[in-house]
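Only one structure is covered here, and it is reproduced in the block below.
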Amino acid sequence: MQHFIICGLGRLGGRVLEYLRATGAEVVAVDTRIKPDDARLHGVRLVKGDCRREEILREAGLDSARAVLILTSDDLANLSTALTVRHLRRDVRIVVRMFNPTLLAGLGKVLDNAFALSASALTAPVLALIARTGEALGTFRLGDGRRQQITELTVQAGSPLRGQRVADVSANHQAIALAHLPASGTASFLNEVDGEKTLGAGDNLVLCGPPRSLAPLAAKAGQETLPELLWAGHFRRVGRMLRRTSGEMDLAVKICAAGLLAVILFSTVLFVCTVPNERFAGAFYRTISLMATGADMHGRELEEDWQKTYVGVLRLVGAALTAAFTAILTNYLVRAHLRGALEVRRIPDSGHIVVCGLGNVGFRVVEELLSEGERVVAIERARDNPFIATARRLGAAVMIGDVTVPEVLRQANASGARAVVAATNDDLGNLEIALLVRDANPSQRVVVRLADPRMAHLLREAANVKLALSIPELAAPSFVAALFGDRVRCVFFVEGRLLAVVELCVPAGDAFLEGQSVRALGVDYHMLPLFLEGGAGTTKPALLQAVLAAGDRLTVVLAQADLQRLLQRERAPREYAVEVTECPPPARPFVAQLARTTHGLSAEAAEGMMARLPFCLDRGLTRGQAEDLRARLLRERVTAELRRLDGTGA
């Protein structure tokens, strides 16, 4: 059996290895630092060395490998390895992890049969959507370009959806029910959802459909609306800007500015009172002229000796105050950076989204949120971060500071934000951010990005941090699917279950998929078909009745465990039979033809079989094939039953 080669067993590589091991695939791992006794290597052959070297790749069995996954954390090493693999073998499939978006977009054009993927690009849309909606659901596009959204609705006591059937709600909004989570009872997922069930108060319903069709459902469900973006009035906003800016100024700047303003005000009032026919504007102008430029006043206007003395003192004091204020303010601006000091003017009072950390993941989350029209405040510790300038140009307010300091979160109005996304590169720091935010506002929505899948699972289960998500856990299915030419369009959680939207490609000569009924495949692998595109780009109608052909692309939703079975091409057990119990006369020719095809009978023998009801029409079928055959019979008004070959019942 052909094997897979994994280059790099970091967080992502280790998670991909778990997927492949679970499917029973033979794997060879190439790494420089992992120890041979590592528990992850059980049943896996290890080649220790640099994956960029030809001799190491040959030792790993590149000549007979089915595909190569290159998953190190160094773009240059990944690119070099990909080029070396392509030099040694022109036909092997390559899946490469890339961080640089330019390389990511161009690599697939340079190398044939190569797929370049980015973990941050795959997971950022999920994190952004969770921050916006509060649910770990997703959005994706079908093969024809139509955008689909996955939404979870909670039916409130006064909702008009109460008492309606699941099938009616789905049909009325052009949606498909992915899960029904009743307030009391057993939850059902994907093709197990019973459309005849009625919705009650407290029920959750997960739907997939066009965003415009799903948008009205939130109001009908009676869900609480998310906090709107709140901006103060013009004067309040300006006042808040001045208050916060002055609060960040040094004490020396405040004292010097106050002294300068006091002198100007006193001198202006004095000139108005003592100079004949002088107005306030003229007095103010004379004061500034004397202090800033040393301009002379006409002698006839200074009739008293005290006036001349005052003007001389004012010139000296004005020069000193102006010089001191200029020096102190310049020093403050150099240290504080004017842009950073005034950035707070763009922070809303509430309803915005705070993103902590502008790394690869954080910046992509900011991009996604801004593209959806959200107001974003980003907090980054490093002043030299290359993403800061770009994030500001895109429209985000960027604050420089340590987000683990409560004062920084307060300045970002985190307690009034719609959500806080902890997306730094430090798992412990992200957890600390989540705790600080929850301490300030226990009801605050916090999305926590983690590298360790086990830590994310423990936080969700034991610490009630429901939105703790692991990047390797979210991205690994996409890398595994790329090995087979398939594509994971979206991954999301429902009640702790990881579900995936996958586009399955049917290659020519694939005995596993080619010729399979969509309904049979859906039953055998517990998946829900969404869309079927033919090889010529045409949409195939009657989705469940369609038969897969070479070049078809089938978009389905299925659970993680079933995705592993499907990627492994694990065949379902053939332990079912279909028994015909009643056949009306108009359907007899159809059933007779099926009997002849199935059993290889003559026309007379087929007619004789049909005369002895009930009779077994076919046996040795998978559950899906049996369900598909019964559905075909029902369309002809033929009554049929399923039974297991071991006699335990259907």
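As a basis for the values below, the full set of heavy atoms in this structure was taken, side chains included, without hydrogen atoms, waters or symmetry mates.
Applying the side-chain contact (heavy atoms from CB on, under 4.5 Å) rule to Arg571 yields the partners Ala511, Phe512; only residues at least two apart in sequence or on another chain are considered. Residues forming a salt bridge (Lys or Arg N to Asp or Glu O under 4.0 Å) with Arg45 (at least two apart in sequence, or on another chain): none. The side-chain contact (heavy atoms from CB on, under 4.5 Å) test applied to Arg619 returns Ala577, Cys616, Arg643, Leu645, not counting sequence neighbours. Every residue two or more places apart in sequence or in another chain that forms a side chain to side chain donor-acceptor pair (under 3.5 Å) with Asn204 is listed here: Glu152, Thr154. Every residue meeting the side-chain contact (heavy atoms from CB on, under 4.5 Å) condition with Arg381, not counting sequence neighbours, appears here in chain and number order: Asp402, Thr404. Listed by chain and number, the residues in a side-chain contact (heavy atoms from CB on, under 4.5 Å) with Asn360 are Phe99, Ser120, Phe387 (sequence neighbours excluded).
Judged by distance alone, the side chain of Asp510 and the main-chain N or O of Pro507 form no donor-acceptor pair under 3.5 Å. The closest donor-acceptor contact from the side chain of Thr84 to the backbone of Ser80 lies under 3.5 Å. Side-chain atoms of Asn385 come within 3.5 Å of backbone N or O of Leu358 as a donor-acceptor pair.
For the pairing with Arg449, the side-chain hydrogen bond (donor to acceptor under 3.5 Å, both in side chains) check across Asp426, Asn425, Asn430, Asp427 returns one residue only, Asn425. Checking Leu57, Asp31, Val28 one by one against Val47, the side chain to side chain contact (heavy atoms under 4.5 Å, CB included) holds for a single residue, Val28. Applying side chain to side chain contact (heavy atoms under 4.5 Å, CB included) to Leu69 and the options Ile94, Leu117, Ile5, Leu20 leaves one that passes, Leu20. Put simply, the residue from Val556, Leu554, Leu543, Thr555 that forms a side chain to side chain contact (heavy atoms under 4.5 Å, CB included) with Phe531 is Thr555.
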